[in-house]
Amino acid sequence: MAKTEKAKNGFFDVTKAFGDFRLPGIDADAIATAQRKNFEALTQANQFAVEGLQAVAKRQAEIAQQTIEEASALLRDWTQPGAPEERLANTVEAAKQAFEKGVTNVRELNELTTKASADVFGVFARRVSEGLDEVRLYVKKQAAAE
């Protein structure tokens, strides 16, 4: 192998060796462009997925912190002097509020997850649709050229 056929990293430079090689009826530039767009869509989808996971994790941490604070307050209230019936009523009320808040939190986390999934799926759906349009236009162009 001649020295001019080596890329800077010392390996065979495929683009130099096959750069002028063309297959009849194949538009290598269109394929390269489509693959670049596919990669960009994948990158964007990954970004949406990471952002979605970060939002869910952040909200979970906030919920955990709130839960700890509320449990500490409930424990403090439970240890205060008072009639047992009053403490029991307060505990039942606190349990009801905790349950309702838990349902709200689960619903919120579900919405965050659903939004992130929809964003990721939207990127892929849009790219598939664009890809099919590109193929349709390519076929029309090839038919017109013949």
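No hydrogens, no waters, no symmetry mates; every other heavy atom, side chains included, goes into these values.
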J.: Quick one: does Thr43's side chain get under 4.5 Å of Gln47's, heavy atoms only?
T.: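 Answer no - side chains too far apart.
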J.: For the pair Ser129 (side chain) and Ala125 (backbone), establish whether a donor and an acceptor sit closer than 3.5 Å, ignoring hydrogens and angles.
T.: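 The answer is no, because no donor-acceptor pair under 3.5 Å joins these two groups.
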J.: Taking the side chain as everything from C-beta on, heavy atoms only, tell me whether Glu51 gets closer than 4.5 Å to Asp119.
T.: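 They are not in side-chain contact.
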J.: Work out which heavy atom in Ala116 is nearest to a heavy atom in Gly52; give both atom names and the distance.
T.: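 In terms of heavy atoms, the two residues are closest at CB-CA, 3.6 Å.
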J.: For residues Ala34 and Arg127, report the shortest heavy-atom separation together with the two atoms involved.
T.: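 Heavy-atom minimum between the residues: O-NH2, 3.4 Å.
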J.: Look up atom CD in Glu134 and atom OG1 in Thr33, then write down how far apart they are to the nearest 0.5 Å.
T.: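 It comes to 8.0 Å.
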J.: Are more than 12 heavy atoms from other residues, nucleotides or ligands located less than 6.0 Å from atom CZ of Arg36?
T.: yes
J.: Once rounded to the nearest 0.5 Å, what's the spacing between atom CD1 of Ile68 and atom CD1 of Ile63?
T.: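 Between Ile68 CD1 and Ile63 CD1, I get 12.0 Å after rounding to 0.5 Å.
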J.: Taking it one step at a time, do Gln66 and Glu70 satisfy side-chain hydrogen bond (donor to acceptor under 3.5 Å, both in side chains)?
T.: CA-CA 6 Å; Gln66 289 172 351; Glu70 290 167 3; over 6 Å; no
J.: Run the side chain to side chain contact (heavy atoms under 4.5 Å, CB included) check on Asn105 and Arg59 step by step: do they pass?
T.: CA-CA 9 Å; Asn105 290 339; Arg59 186 61 187 126; 3.7 Å; yes
J.: Are the side chains of Glu111 and Thr114 in contact, using a 4.5 Å heavy-atom criterion?
T.: no
J.: Would a single hydrophobic cluster contain both Leu53 and Val120, if residues Ile, Leu, Val, Met, Phe, Trp and Tyr are joined by side-chain heavy-atom contacts under 4.5 Å?
T.: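 The answer is no; the residues belong to distinct hydrophobic clusters.
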J.: Looking only at heavy atoms, what is the nearest atom pair of Val56 and Leu109, with distance?
T.: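 Distance-wise, the nearest heavy atoms are O-CD2, 4.0 Å.
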J.: Just checking, is any N or O donor in the side chain of Gln44 or Glu40 under 3.5 Å from an acceptor N or O on the other one?
T.: no
J.: Please check if atom CZ in Phe124 has more than 12 non-hydrogen atoms from other residues, nucleotides or ligands closer than 6.0 Å.
T.: yes
J.: Step by step, would you call Val92 with Lys96 a side chain to side chain contact (heavy atoms under 4.5 Å, CB included)?
T.: CA-CA 6 Å; Val92 169; Lys96 179 182 175 192; 5.6 Å; no
J.: Would you give the length of the straight line joining atom OG1 of Thr113 to atom NZ of Lys115, rounded to the nearest 0.5 angstrom?
T.: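 So the OG1 of Thr113 and the NZ of Lys115 are separated by 11.5 Å.
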J.: Between Leu137 and Lys141, is any pair of side-chain heavy atoms under 4.5 Å apart?
T.: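 Sidechains of Lys141 and Leu137: no contact.
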J.: Can you find a heavy atom in the side chain of Val50 that is under 4.5 Å from one in the side chain of Gln54?
T.: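 Answer yes - side chains close enough.
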J.: Are Val139 and Arg136 close enough, and set up right, to give a side chain to side chain contact (heavy atoms under 4.5 Å, CB included), and what steps lead you there?
T.: CA-CA 5 Å; Val139 169; Arg136 183 180 47 80; 5.9 Å; no
J.: Cut-off 3.5 Å, side chains only: do Gln142 and Tyr138 have a donor facing an acceptor?
T.: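 Yes - a donor-acceptor pair under 3.5 Å links their side chains.
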J.: Can you confirm whether the side chains of Gln97 and Glu93 place a donor and an acceptor under 3.5 Å from each other?
T.: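 Yes - a donor-acceptor pair under 3.5 Å links their side chains.
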J.: Between the side chains of Lys37 and Glu130, is the shortest nitrogen-to-carboxylate-oxygen separation below 4.0 Å, so that they form an ion pair?
T.: no
J.: Ignoring hydrogens, what is the shortest heavy-atom contact between Leu112 and Ala55? Give both atom names and the distance.
T.: CD1-O, 4.1 Å
